[in-house]
Amino acid sequence: MRRGIGAEGPNAVASRKQIVADVTELRHAGEIKSYIDIFFLALVILLCVAKIVVS
């Protein structure tokens, strides 16, 4: 049987808030890494296209 949030106590609420904060931080870091990867991929493609055009 499922109990309500109130039955879990204040420690469960604090734990949940900490987990949400940790997940938010990890997601933000992952997004930044993805943007950096996309930037370098676009830079490589741009350099390749420029090399083809100049040749």
Side-chain angles (χ1 to χ4, degrees):
M1 187 184 281
R2 186 172 176 195
R3 293 185 281 175
I5 294 174
E8 295 175 1
N11 290 337
V13 174
S15 175
R16 237 183 246 112
K17 286 183 180 181
Q18 183 62 45
I19 290 169
V20 169
D22 291 345
V23 169
T24 302
E25 183 179 339
L26 289 171
R27 181 178 292 164
H28 180 70
E31 288 174 354
I32 296 299
K33 288 178 183 178
S34 295
Y35 291 140
I36 292 171
D37 289 345
I38 290 170
F39 171 75
F40 282 111
L41 180 62
L43 186 63
V44 168
I45 291 171
L46 183 64
L47 290 172
C48 290
V49 169
K51 180 70 175 174
I52 291 170
V53 170
V54 170
S55 295

Residues in side-chain hydrogen bond (donor to acceptor under 3.5 Å, both in side chains) contact with Gln18, at least two apart in sequence or another chain: Asp22
For Leu46, give me all partners under side chain to side chain contact (heavy atoms under 4.5 Å, CB included), at least two apart in sequence or on another chain. none
Please identify each residue that fulfils side chain to side chain contact (heavy atoms under 4.5 Å, CB included) with Tyr35, with sequence neighbours left out. Glu31
Grouping ILVMFWY residues whenever side-chain heavy atoms fall under 4.5 Å, the cluster of Ile45 otherwise contains Leu41, Val49, Val53
Please write out which residues are connected to Val23 in a hydrophobic cluster, directly or through intermediates, given that two of Ile, Leu, Val, Met, Phe, Trp, Tyr count as joined at side-chain heavy-atom separations below 4.5 angstrom. Ile19
Between Val13 and Lys17, does a side chain to side chain contact (heavy atoms under 4.5 Å, CB included) hold up when you go through it step by step? CA-CA 6 Å; Val13 174; Lys17 286 183 180 181; 4.0 Å; yes
To the nearest 0.5 angstrom, please state how far the CG atom of Leu47 sits from the CG atom of Leu43. 5.0 Å
